[in-house]
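Lettering of chains follows the sequences in order, A, B, ..., and the numbering in each one begins at 1. Only this structure's heavy atoms are used, side chains among them; waters, hydrogens and symmetry mates stay out.
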Amino acid sequence: MSIQDQPHYELPSTELAMWVERRGPNQWWMVDGDRYLGGRVPGPCRADELAAVLRRVNRVLLVADRQNRPDATGQPITADQIDSVVYRLADIMGLAPGQPEPPWANDLCLRLCWKGEPDEWLLMEDSVATEAFRDVIIEPIGAR
Amino acid sequence: MAPADVHEKVREILAHTRPLPPGADSPVLHFAATGKEIISALAYVGRKAVSSGSIPAAATRHLGRLRQMALVSLVENLERFIKELAAECVDVLAPITADDRFDTFRMTGSAIAGHFGTDTLGRALCESGVWLDCKSINDRFRDLLSDPFTSTPPLQPFHLFPMQPQVERARYDTLQLVWQLRHTVVHNVGVITQSDAVKLRVLSRTRVEPLRVLVPTDQDLEYLLRFVDMTATETNRRVAERLAELLTRIHAADPLLIDPTERAGHLTRKFRVSVTVAGVNQLPPP
């Protein structure tokens, strides 16, 4: 079932950029499954690299509502409201009963698609990259 | 029951394909998206192995093998990118130059046959070769992007991977190591042979123990991906700027030979950077 057929909201990519930046400059991100963004940001990417591309593309996204609210029928939301729709990565991947939570369990994850396109993709925090690049200076890679 | 026709079954692999993804006609977009797919696929399997409660020792062993494969894929993604860059250069310059810049490319009979009826001279010349050492890559691009004029002050020779200044030398040295790491995994299934160890020691300037198996970690691959991303972005920009410079010179000598607006637009679409051809500047589309 596509995102359009589930409870969802409209989200301008510029608002998503703002939310990404609020998660902190040292947080790294991974785009999983979108060829458009995937070709334009490094992978994984820094918050500022991702935010710059999201602002430049300036398109509208559809974001699936984690809470599955029946009245979520494509109303626009802003950066301030994204926290209410975001998943934990452990919820997306599914933990077997009794499994201890892995280190990436609380990585935030959004289920997204571009408005007018059917293919769903994920934007997720990347704790492996965040840890790998924690105490080092990594120069930003120019936008494509 | 009939015996299995393994020969036929191997041939059936060729029937299992899917279309090229959007953006595949731009080398740098194609490169970036593929690199991301490789790491995402590995991360997905790794998370699933953890979340589903698999046997830790088995998961560690299998993921180790998958990380080896991911290492190779990341390096070969860079190799393909470099070939696609070169193919773009050929396609841009072949119609408007008549010198010996393409002599460095050997064209097989099958490549000649494949070229007829299409506009893929660049791919025909570049696809089949091996582009896995900095010297041969530099030699090819130096010839490919050489200055067609000798009467005007000449352009400096072009090096895709220069050895100066120090920051570029560091990239060159690391890239040589990357090619050798790929060799170790591809040709020896990850075993560091005696000869591999000698080469890796020289290239890395660290102690490398032979007759051990290379088992890259997730963090190793994060850094490798970052390195090849940085390398591809920088080389893409430099090739685009060099092509723009050559087209500008060619246009100055013969204004009827190229349309600067059309060529600038072509370069920005392919290379995704801003270029200026004969005074015409274009920005890449979003």
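Of the inter-residue distances, the one linking B:Glu37 atom CD with A:Asp34 atom CG reads 10.5 Å to the nearest 0.5 angstrom. Atoms NZ and CE, from B:Lys36 and A:Met30 in turn, are 7.0 Å apart once rounded to the nearest 0.5 Å. For the atom pair A:Gln99 CD and B:Ser51 OG, the distance stands at 8.0 Å (nearest 0.5 Å). Here the CD1 atom belonging to A:Ile141 is positioned 8.5 Å from the OG1 atom belonging to B:Thr231, to the nearest 0.5 angstrom.
Side-chain atoms of B:Asp229 come within 3.5 Å of backbone atoms of A:Gly43 as a donor-acceptor pair (strictly under, hydrogens ignored). Not a single donor-acceptor pair under 3.5 Å links the side chain of A:Tyr36 to the backbone N or O of B:Pro22.
The heavy-atom pair separating A:Gly39 from B:Leu29 by the smallest distance is O-CD2, 3.1 Å. Nearest heavy-atom pair, B:Gln219 versus A:Glu131, reported as atom, atom and distance to 0.1 Å: NE2-CG, 3.6 Å. Nearest heavy-atom pair across B:Arg226 and A:Glu139 is NH2-O, 3.1 Å.
If you measure heavy-atom distances from B:Phe271 to chain A, you find no contacts under 4.5 Å at all. For a residue to count as touching a neighbouring chain, one of its non-hydrogen atoms must lie under 4.5 Å from one of that chain's; by this rule B:Thr217 does not touch chain A.
Contact count against chain B (heavy-atom pairs under 4.5 Å) is highest for A:Gly94 among A:Pro102, A:Gly33, A:Gly94, A:Gly98.
Taking 4.0 Å as the cut-off between side-chain N and carboxylate O, B:Glu222 and A:Arg134 do not count as a salt-bridged pair.
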**Prompt:** Between A:Leu122 and B:Tyr44, does a side-chain contact (heavy atoms from CB on, under 4.5 Å) hold up when you go through it step by step?
**Reply:** CA-CA 12 Å; A:Leu122 302 175; B:Tyr44 182 88; over 6 Å; no
